[in-house]
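Naming convention: chains lettered A, B, ... in sequence-line order (proteins, then strands); numbering from 1 in each chain. The figures that follow rest on heavy atoms only: side chains count, while hydrogens, waters and symmetry mates do not.
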Number of protein chains: 2
Amino acid sequence: MRKRGYPLSEQLMDALEERGYRDTAPRRTVARAIAEKERHFAAEELREQLPGIGRATVYRSLKILVEAGALCRVLLEDGNLHYQLSHRGHHHHLLCVECGASEDLMGCDIEDRLESVADAHNFQVSGHWLEVYGKCQTCRAELPASA
Amino acid sequence: MRKRGYPLSEQLMDALEERGYRDTAPRRTVARAIAEKERHFAAEELREQLPGIGRATVYRSLKILVEAGALCRVLLEDGNLHYQLSHRGHHHHLLCVECGASEDLMGCDIEDRLESVADAHNFQVSGHWLEVYGKCQTCRAELPASA
DNA sequence: TCATAAATGATACCTGGTATCTGAAGACGA
DNA sequence: TCGTCTTCAGATACCAGGTATCATTTATGA
Ligand SMILES: [Mn+2]
Ligand SMILES: [Mn+2]
Ligand SMILES: [Zn+2]
Ligand SMILES: [Zn+2]
């Protein structure tokens, strides 16, 4: 996602324009708010930050940004769904259960690895959802007792 | 989960009693309804079937049955969460996107396989969530064109 | 049997959406 | 620049899937 040279919020707008969506003031506002997020966030959290924007518009923007690949959904260990700026294309997340940090994991070969077990069930794999939970580098260092 | 000899609904109640929950009429009613389910189901679907049971009771029952390991949550490809009778212990699901059939996948070694990539990120894996989508044996046979 | 703790169900509230609709704003050709 | 056409915005209502509160009922076991 992140490229140097011009604002992230513009890159989000570009991703929408590429898909034929118009460049509107509310969408720019949403894009700017998302671009400032340093971590995954809940939909409602974003909406609270944007009292001037209609609820439906916030949710619609999230939806089309996910479709455009600019945002991805992250399933937290507690079952809550968050949104996050992320790499395009298929990938997974290493989610720290201590601090919430999330690291993208590119280069997924899960389906290759599932081949043999799926074959045994005569099941043809076409997709998957994987989230990985644990402790990040920083949190391991801070809590050496349980690291 | 399923053992021979006595009703599945009784096994659900047993799972609750093992955890110190009381044997009550509403819980038996919920357990009986769940025991009759041949597929994963939505919470609201179950509630509609049980108009005599309070909404909170239905949701509380689902929650404690999941905690007791008698039920598991299944994340469908469309993002909806369903519940399903299932094996105890860690496992995954092969979910057919055509017919909705779900097959349990025991013997998960995902975390072992993630070791090396997690190590590269200095990340200590403690858990994961995986759902596998595709086409089941039956649906592959019925639609040979795209199988 | 009876005290106690736990469970129920009504109600209200919350998050995360979607459907519908009217009016506003963008795109674009003349 | 204007008019038209389409999309979009925001209000509102609604839905699914929950949780918190609390008064009343029920199960359990001493
Ligand atoms: Mn991501
Ligand atoms: Mn299962
Ligand atoms: Zn961390
Ligand atoms: Zn199938």
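- Between Lys63(B) and dT19(D), a side-chain N or O to OP1/OP2 separation shorter than 4.0 Å is present.
- In this structure, the CG atom of Leu50(A) is 17 Å from the C1' atom of dA11(D), given to the nearest Å.
- Considering only side-chain N and O atoms, Tyr83(A) lies under 4.0 angstrom from the phosphate OP1 or OP2 of dG17(C).
- dG16(C) atom P lies 13 Å from atom NE2 of His40(A), rounded to whole Å.
- Proximity note for Arg60(B) (side chain, C-beta onward) versus dG10(D), dG18(D), dT21(D): the nearest is dT21(D).
- Interatomic distance, CD of Gln84(A) versus NE2 of His93(A), reported as 5.0 Å (0.5 Å rounding).
- Between the P atom of dT8(C) and the OH atom of Tyr59(B) lies a distance of 16 Å, rounded to the nearest Å.
- By the 30° and 60° cut-offs, the orientation of the rings of His40(A) relative to His82(A) is tilted.
- Judged by closest nucleotide on DNA chain D, Ile53(A) is the one of Ile53(A) and Leu62(B) placed further toward the 5' end.
- At least one side-chain heavy atom of Arg27(B) sits less than 4.5 Å from a side-chain heavy atom of Thr24(B).
- When rounded to the nearest whole Å, the span between CG of Leu76(A) and C1' of dG18(D) equals 16 Å.
- If you take CG of Asp78(B) and C1' of dG17(D), they are 14 Å apart, rounded to a whole angstrom.
- Note on the helix from dT1(C)-dA30(D) to dA30(C)-dT1(D): terminal axis deviation equals 20°, with five pairs used at each end and the result rounded to 10°.
- His128(B) and His90(B) have perpendicular rings, their planes meeting at more than 60° on a 0 to 90° scale where under 30° would count as parallel.
- With no hydrogens or angles considered, no side-chain donor-acceptor pair links Tyr83(B) and Glu45(B) at under 3.5 Å.
- His121(A) is listed as a side-chain neighbour of Leu94(B), based on a closest heavy-atom distance under 4.5 Å.
- Comparing dT18(C), dG18(D), dG10(D) by their nearest atom to the side chain of Arg55(B) picks out dG18(D).
- Place His82(B) and Arg27(A) on DNA chain D by their nearest nucleotides, and Arg27(A) ends up nearer the 5' end.
- Each of dG9(C), dG17(C), dG18(D) was ranked by its minimum atom distance to the side chain of Thr57(B); first place goes to dG9(C).
- Rounded to an integer number of Å, the gap from CZ of Arg28(B) to C1' of dA7(C) is 15 Å.
- Here the closest non-hydrogen pair linking Leu62(B) and Phe41(B) is CD2-CE1, 4.0 Å.
- Phe41(A) places its CZ atom 15 Å from the C1' atom of dT15(C), with the value rounded to the nearest Å.
- The two residues Gly79(A) and Leu75(A) have their closest heavy-atom pair at O-CD1, 3.6 Å.
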Could you pull out the protein-nucleic contacts involving nucleotides 26-30 of chain D (nitrogen or oxygen on both sides, under 3.5 Å)?
{"unit_1": "dA27(D)", "atom_1": "N3", "unit_2": "Arg22(B)", "atom_2": "NH1", "d": "3.2"}
{"unit_1": "dT28(D)", "atom_1": "OP1", "unit_2": "Asp23(B)", "atom_2": "N", "d": "3.1"}

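- If you check dT20(C), dG18(D), dG17(D) against the side chain of Glu44(B), the one that comes closest is dG17(D).
- Rounded to an integer number of Å, the gap from Ile64(B) CD1 to dT19(D) P is 12 Å.
- Among the protein residues, Gly79(B) comes within range of no part of the nucleic acid, since none of its heavy atoms lies under 4.0 Å from any strand.
- Contact of the Asp112(B) side chain with the Ile110(B) side chain is not registered, since no non-hydrogen atoms from C-beta on lie closer than 4.5 Å.
- With contacts defined as side-chain heavy-atom distances shorter than 4.5 Å, the pair Tyr21(A)/Ile64(A) qualifies.
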